[in-house]
Amino acid sequence: MGPADLTGSAVVPRPSAVLDRTAAVTQLLDRRGQAIRSRDRAAFLATVDPFATEFRQAQAALFDNMAGVALSDWRFRLLPGTGYPAVGPAFSRYGGATVWVPPVELAYALADIDPVPVVQQQAFTFVRRGTGWFVAADDDLAEAGHPTWRGLWDFGPVVTTRGRSSVVLSHPDQSVVAAGLVAELDRATDAVTAAWGPGWARSVAALLPGSQQEMAALLGGDPDLDRIAALATAASTAPVTGQRIVLNPDTLDAMSPTGRQVVLRHEVTHVAPRGSTPPATPTWLAEGFADYVGYHGSGVPLSVAAADLAGAVRRGAVPTELPDAAGFAGDSVRLEQSYQEAWLACLLLVRRIGPAGLVRLYRDSATGTAATGTAATGTAA
């Protein structure tokens with residue numbers, strides 16, 4: 001393979017060849033998206049490099065894994081630009097073949113969940129075989145910092161469990177747990193609506209991965225999840241798209257029914273404001289309000305829910321300021337206490353200005369008229 005340039009090909013293509021390549025790969029991506037939407041397995045595999053045996057098997061499994069997922073959209077878009085350099089050990093297996101690694105976006109929507117498509121990044125390697133182009137890999141750029149976004153279906157078959165106002169995507173061996181979760185999420189949605197008001201979608205989508213390692217992969221990194229029960233995520237915030245509650249299966253299994261109720265209400269509370277408030281709420285207020293809704297009516301004694309803070313106060317370590325965003329990071333040594341401080345601050349505010357006043361403060365702070373900060377969306381276990 002000759003010296004690579006920024007086109008990602010082994011040689012610099014002629015201008016006409018660039019146009020031909022762009023048109024061919026665009027058509028390939030269109031066929032690939034249409035095959036997913038129409039559930040045409042043969043057409044989907046026809047877009048995959050016939051010489052990439054392992055990748056072809058993985059793609060066949062991916063297609064089959066999505067059989068239980070209802071989609072309202074799935075399409076790819078080739079982004080403008082020359083592409084990434086096709087250099088490094090990963091590309092040596094293509095020998096003298098012409099390869100191209102342009103930036104690609106996937107826009108997909110889960111039926112009855114996503115009002116607009118969710119956009120995620122893909123890192124496909126395209127290879128020319130004869131006169132045709134094929135997808136040969138989706139991980140050649142991972143070590144260079146350009147990974148392909150992964151969905152739950154990348155890790156095994158997916159089933160969809162629907163409730164009245166919620167849906168859980170999980171693997172088949174988790175169907176019993178998923179059925180319980182949708183019922184709990186439906187109740188959590190009602191509780192959040194009672195606190196926040198009806199001005200939100202009032203529907204929730206949750207992902208239940210098969211392991212904590214799978215959860216980390218879904219979140220696109222290797223975060224410290226040992227002390228995190230769930231995370232409310234969004235693919236983008238302007239506008240808000242792809243809201244999901246990602247559940248930690250290791251932590252949830254060890255929780256009491258009351259603990260799960262608190263966690264799910266907490267996470268749904270993060271979902272509700274996102275569609276109507278900018279992402280400028282101070283972290284302590286976002287997390288404190290979510291815990292306020294989570295614990296409201298739960299019957300959990302204050303001495304239990306704020307045990308870490310109570311212990312610190314008994315030792316004479318009385319907080320003098322509200323916790324900052326770093327206190328809510330998964331690796332923070334003050335994680336549990338930060339949540340408890342934020343929750344008690346919101347309880348104090350409710351005593352002074354009432355529940356409606358707390359909601360007004362939240363809305364005002366998000367628009368910058370009361371305070372500034374960064375929203376956080378995790379729940380400590």
Side-chain angles (χ1 to χ4, degrees), residues 1-13 17-33 35-36 43-66 74-108 118-156 213-214 216-222 235:
M1 185 172 181
D5 63 277
L6 291 181
T7 65
S9 298
V11 295
V12 178
V18 170
L19 293 176
D20 292 344
R21 179 185 66 184
T22 299
V25 170
T26 297
Q27 293 171 5
L28 172 70
L29 290 172
D30 288 345
R31 295 197 307 272
R32 187 175 174 85
I36 290 286
F44 178 75
L45 291 178
T47 68
V48 181
D49 181 13
F51 292 93
T53 305
E54 291 185 7
F55 180 66
R56 190 175 181 85
Q57 292 173 347
Q59 290 287 282
L62 170 66
F63 185 92
D64 295 340
N65 291 345
M66 297 179 65
W74 187 287
R75 63 190 70 238
F76 299 96
R77 184 167 76 95
L78 185 65
L79 299 181
T82 54
Y84 304 106
V87 295
F91 293 95
S92 62
R93 65 178 180 270
Y94 300 110
T98 300
V99 298
W100 188 30
V101 196
V104 173
E105 286 182 344
L106 164 66
Y108 81 98
V118 182
V119 176
Q120 299 287 3
Q121 301 303 308
Q122 308 284 280
F124 291 142
T125 297
F126 298 95
V127 61
R128 189 173 67 188
R129 303 292 186 188
T131 59
W133 285 86
F134 300 88
V135 181
D138 66 358
D139 60 355
D140 287 339
L141 292 176
E143 292 188 2
H146 303 288
T148 287
W149 171 82
R150 303 297 182 188
L152 195 65
W153 37 79
D154 282 285
F155 304 96
Q213 292 73 25
E214 187 177 312
L218 289 173
L219 295 173
D222 189 22

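Along the sequence shown, the residues carry numbers beginning at 1.
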*asked:* Any side-chain to backbone donor/acceptor pair from Arg56 onto Leu45? Under 3.5 Å, distance only.
replied: yes
*Which pair of non-hydrogen atoms, one from Thr125 and one from Phe91, has the smallest distance, and what is that distance?*
OG1-CE2, 3.8 Å
*Evaluate side chain to side chain contact (heavy atoms under 4.5 Å, CB included) for Glu105 paired with Gln121, printing each intermediate quantity in order.*
CA-CA 5 Å; Glu105 286 182 344; Gln121 301 303 308; 3.7 Å; yes
*Between Trp100 and Trp133, what is the ring plane arrangement, given parallel below 30°, perpendicular above 60°, and tilted in between?*
perpendicular
*Working for side chain to side chain contact (heavy atoms under 4.5 Å, CB included), residues Leu78 and Leu29*: CA-CA 8 Å; Leu78 185 65; Leu29 290 172; 4.1 Å; yes
*Least distance between heavy atoms, Thr22 atom then Thr26 atom*: O-OG1, 2.7 Å
_Full working for side chain to side chain contact (heavy atoms under 4.5 Å, CB included) between Phe126 and Arg21_ = CA-CA 10 Å; Phe126 298 95; Arg21 179 185 66 184; over 6 Å; no
*Quick one: CZ on Arg75 to CG on Leu106, what's the gap to the nearest 0.5 Å?*
10.5 Å
*Could you tell me whether a side-chain N or O of Asp64 sits under 3.5 Å from a main-chain N or O of Ala61, the two making a donor and an acceptor?*
no
*asked:* Test side chain to side chain contact (heavy atoms under 4.5 Å, CB included) on Gln59 and Asp138; report intermediate values, then the result.
replied: CA-CA 10 Å; Gln59 290 287 282; Asp138 66 358; 4.3 Å; yes
*Any side-chain heavy atom of Gln122 within less than 4.5 Å of one from Trp149?*
yes
*asked:* Within the 4.5 Å heavy-atom criterion, are Phe124 and Arg32 side-chain neighbours or not?
replied: yes
*Heavy-atom pair with the smallest gap, counting every atom of Asp140 and Ala90*: OD1-CB, 3.6 Å
*Could you walk me through whether Arg150 and Asp139 pass salt bridge (Lys or Arg N to Asp or Glu O under 4.0 Å), step by step?*
CA-CA 11 Å; Arg150 303 297 182 188; Asp139 60 355; 5.2 Å; no
*How long is the gap from CD on Gln27 to OG1 on Thr47, to the nearest 0.5 Å?*
13.5 Å
_Which heavy atom of Ala97 sits nearest to which heavy atom of Arg128, and what is that distance?_
CB-O, 4.3 Å
*How many angstroms lie between CZ in Phe44 and CD1 in Ile36, if you round to the nearest 0.5 Å?*
4.5 Å
*Rounded to the nearest 0.5 Å, how far does CG of Leu219 lie from CD of Glu214?*
11.0 Å
_What verdict does the side-chain hydrogen bond (donor to acceptor under 3.5 Å, both in side chains) test give for Tyr94 and Asp49, after you've listed the backbone C-alpha separation in whole Å, the side-chain angles of each residue and the deciding distance to 0.1 Å?_
CA-CA 11 Å; Tyr94 300 110; Asp49 181 13; over 6 Å; no
*Quick one: closest heavy-atom pair of Phe51 and Arg129, and the distance?*
CD1-NE, 3.6 Å
_Could you report the tightest heavy-atom contact between Phe55 and Ala136, atom names first, then the distance?_
CD2-O, 3.3 Å
